[in-house]
2 protein chains.
Amino acid sequence: MATVSRAVNESSLVTAATRQHVAAIARRLGYMPHGGARSLATRRTHTIGVLLPDLYGEFFSEVIRGIDLTVRDVGYHCLVSSARHNGAQLEAAIRSMLGRVDGVILMSPEFTGEISRRTLHGGFPVVLLNCPSPDPAFDSLTIANYEGAYDMVRHLAQLGHRRIAIIQGAAGNFDAAERLRGYRAAMRDAGLAPDSDVEFAGDFTEESGAEAARAMLAMPDRPTAIFAANDCMAIGALAALREAGVSVPDQVALGGFDDIPMARYVTPALTSVHVDISALGERTAARLLAKLEGPADARRIRDTLPATLVVRRSCGALQN
Amino acid sequence: MATVSRAVNESSLVTAATRQHVAAIARRLGYMPHGGARSLATRRTHTIGVLLPDLYGEFFSEVIRGIDLTVRDVGYHCLVSSARHNGAQLEAAIRSMLGRVDGVILMSPEFTGEISRRTLHGGFPVVLLNCPSPDPAFDSLTIANYEGAYDMVRHLAQLGHRRIAIIQGAAGNFDAAERLRGYRAAMRDAGLAPDSDVEFAGDFTEESGAEAARAMLAMPDRPTAIFAANDCMAIGALAALREAGVSVPDQVALGGFDDIPMARYVTPALTSVHVDISALGERTAARLLAKLEGPADARRIRDTLPATLVVRRSCGALQN
DNA sequence: CAACTGAATGTAACCGTTTACATCCGAAGC
DNA sequence: GCTTCGGATGTAAACGGTTACATTCAGTTG
């Protein structure tokens with residue numbers, strides 16, 4: 001049976017003749033190698049775990065896509081698990097993957113150093129994706145949320161807007177918090193007083209964007225510009241504004257975040273902050289693969305993916 | 001070590017005292033069960049394989065979401081693999097999952113009975129998702145593509161349109177073919193002559209929709225209605241029409257397919273055919289789980305998920 | 001022709017669990 | 001005090017492969 005194993009794995013130790021002989025018999029018997037057994041013996045599963053807070057929306061699917069794309073080229077699979085993870089669930093999810101993956105990509109605000117020490121105790125390969133990363137013991141990739149939001153709001157301020165509202169992302173969300181931080185910093189740097197009345201709540205859904213816009217319209221001195229913390233909310237706001245007969249960008253300027261494919265197809269086309277989400281997944285996966293394949297490298301990497309302003313019609317900067 | 005195993009698995013054969021004793025020592029030693037070894041011994045991986053043609057676009061991410069949602073409730077994971085599968089790649093992908101999953105969900109037009117017999121030889125649990133399914137030996141779930149397209153085109157015809165164009169989906173795609181079939185049947189039943197000049201090519205992308213619309217506008221006797229085989233193309237067409245100064249729905253009526261979330265937020269809101277994609281994933285996963293958990297049931301199930309017309313402004317049926 | 005090669009094949013331990021079966025042990029029955 | 005009994009624990013054989021090491025077997029050498 002050693003020879004069979006070697007033949008199947010194309011080892012150079014078997015002659016071409018035996019290899020073919022084995023192949024022929026295997027075919028006749030309908031033999032197929034058992035992946036699980038193989039990885040038990042080799043201690044390599046060629047699988048990476050992907051832990052996501054949820055699978056909803058374009059963002060996550062794009063991330064997964066990027067990950068799978070890079071990973072499958074080198075013969076790896078993705079074992080995905082999406083749960084809105086509170087600490088205990090997250091830990092359980094990690095544990096359940098423990099003998100099935102070579103490493104994990106973790107996207108969860110809930111991940112704490114304590115969990116890591118207790119369940120990952122020591123050198124289990126992990127790359128954090130878009131996490132607050134309280135723990136510098138892990139590699140992590142993030143989006144330039146702060147910078148992107150800052151650029152957007154500065155752009156709106158440069159267009160002459162003095163009262164700029166924000167529709168915030170989901171409470172407790174890392175991206176949301178960073179984008180808010182960028183908004184506030186840009187406001188301050190533009191010499192604009194912070195005003196919590198124009199910091200509307202939201203949760204990244206179209207509906208919450210529409211609601212915030214309606215609330216804004218009811219204000220006595222309503223803002224002349226809105227920065228929505230993602231495109232879905234921006235599009236929701238756009239629909240609400242149109243319904244109320246308020247013209248974008250003439251009466252209210254609007255900017256989003258994420259630059260989803262749809263952004264360029266709404267009317268007016270949505271000014272947004274572009275993030276190459278698929279690339280984020282790719283880079284993260286590549287980093288994890290490097291840890292798995294390459295020699296142990298103690299260096300921890302913290303990488304930030306740029307977010308670039310894309311100016312379209314909804315902010316009013318463009319003619320026609 | 002048998003006792004440890006029993007303690008970890010909460011077997012009723014160990015006393016509470018030993019169970020706690022084991023737990024304490026496990027904690028001190030940082031012991032965690034090895035999933036791979038466990039599944040080798042039990043011959044259950046609690047994992048299902050999901051084979052997709054690609055991961056691009058809202059459709060696939062929604063399907064995965066539905067699958068993962070149902071599957072995780074019963075403690076299963078998803079091992080996903082997305083490759084544009086030609087026959088050989090598909091077979092390789094299945095083989096590579098063979099000892100790692102309890103069953104697979106397969107979404108691929110390339111799946112043939114021959115592959116199945118060669119690599120699945122016999123009773124490996126499979127559920128086909130939106131496949132042409134040449135092989136009645138498998139359970140399969142599909143979308144009512146034909147019926148949905150038929151309803152849409154009949155609707156347009158009832159609004160008085162005589163020349164109705166279609167922007168087709170990707171060549172070789174099963175959904176695309178079915179939607180085309182529905183379009184043609186509806187045309188015929190409405191007493192409208194088929195005309196290959198108004199059957200435009202497309203590939204499900206926004207850009208291809210825009211191109212088809214531009215080509216249509218250049219025609220001497222241009223159609224008064226367009227049925228795009230998915231919403232992305234419809235939105236692309238919408239953008240092209242607007243650019244050309246052609247009003248929707250006044251000059252050209254437009255309908256899409258899929259009813260993606262964005263459909264209601266474009267202007268005018270897009271008439272479409274609604275399919276609950278997430279539910280498609282859920283149902284498929286539930287079917288596979290039934291095969292895995294329940295007793296072997298020889299009955300093969302072919303299920304079709306309904307597709308329902310959603311009338312919005314873009315078709316011109318609604319006032320204001 | 002015996003000893004020495006080195007490539008090809010065979011043997012058996014191991015990967016980390018589960019589980020059928022054997023064993024142990026204390027309480028109850030005689 | 002010696003069986004009997006049943007519940008808790010221990011033993012060892014799987015599960016299906018990989019791989020270090022031992023062995024075989026030609027084909028050289030001296």
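Order of the sequence lines fixes the chain letters, A, B, ..., with proteins taken first and strands second; residue numbering starts at 1 for each chain. What you see is a predicted model, and the numbers here were worked out from it, not measured in a lab.
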Please report the C-alpha distance between B:I67 and B:E282 in whole Å, then the side-chain angles of each, then the deciding distance to 0.1 Å, and finally whether the side-chain contact (heavy atoms from CB on, under 4.5 Å) criterion is met.
CA-CA 5 Å; B:I67 294 173; B:E282 288 172 26; over 6 Å; no
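Mapped onto DNA chain D by nearest heavy atom, A:A37 and B:M1 fall at different nucleotides, with B:M1 at the one closer to the 5' end.
C:dC14 atom C1' lies 17 Å from atom CZ of A:R38, rounded to whole Å. Rounded to whole Å, atom C1' of D:dC15 lies 15 Å from atom CG of B:L98. Taking atom CZ of B:R100 as the reference point, atom P of D:dG17 lies 12 Å away to the nearest angstrom. Atom NE2 in A:H34 sits roughly 7 Å away from atom C1' in D:dG16 (whole-Å rounding). Spacing between atom NE2 of A:H46 and atom P of D:dG17 amounts to 16 Å, rounded to whole angstrom units.
Between the side chains of A:T205 and A:D203, at least one donor N or O lies within less than 3.5 Å of an accepting N or O. Side chains of A:T42 and A:S39: no donor on one and acceptor on the other come within 3.5 Å.
Here the side chains of B:T142 and B:D303 are not in contact, with every heavy-atom distance at 4.5 Å or above.
At D:dG16, none of the side-chain N or O atoms of A:Y31 fall inside 4.0 Å of OP1 or OP2 (strictly under the cut-off). The side chain of A:S5 contributes an N or O atom lying less than 4.0 Å from OP1 or OP2 of D:dT18. For B:R43, a side-chain nitrogen or oxygen approaches OP1 or OP2 of D:dG16 to under 4.0 Å.
Within the 3.5 Å criterion, the main-chain N or O of A:M1 finds no donor-acceptor partner in the side chain of A:S5. Looking at A:D102, its side chain does come within 3.5 Å of a backbone N or O of A:T45 through a donor-acceptor pair.
Distance from the side chain of A:A41 is smallest to C:dC15 among C:dT19, C:dC15, C:dG10.
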N/O-N/O pairs, protein side and nucleotides 6-9 of chain D side, under 3.5 Å:
residue	atom	partner	partner atom	Å
D:dT9	OP2	B:T18	OG1	3.2

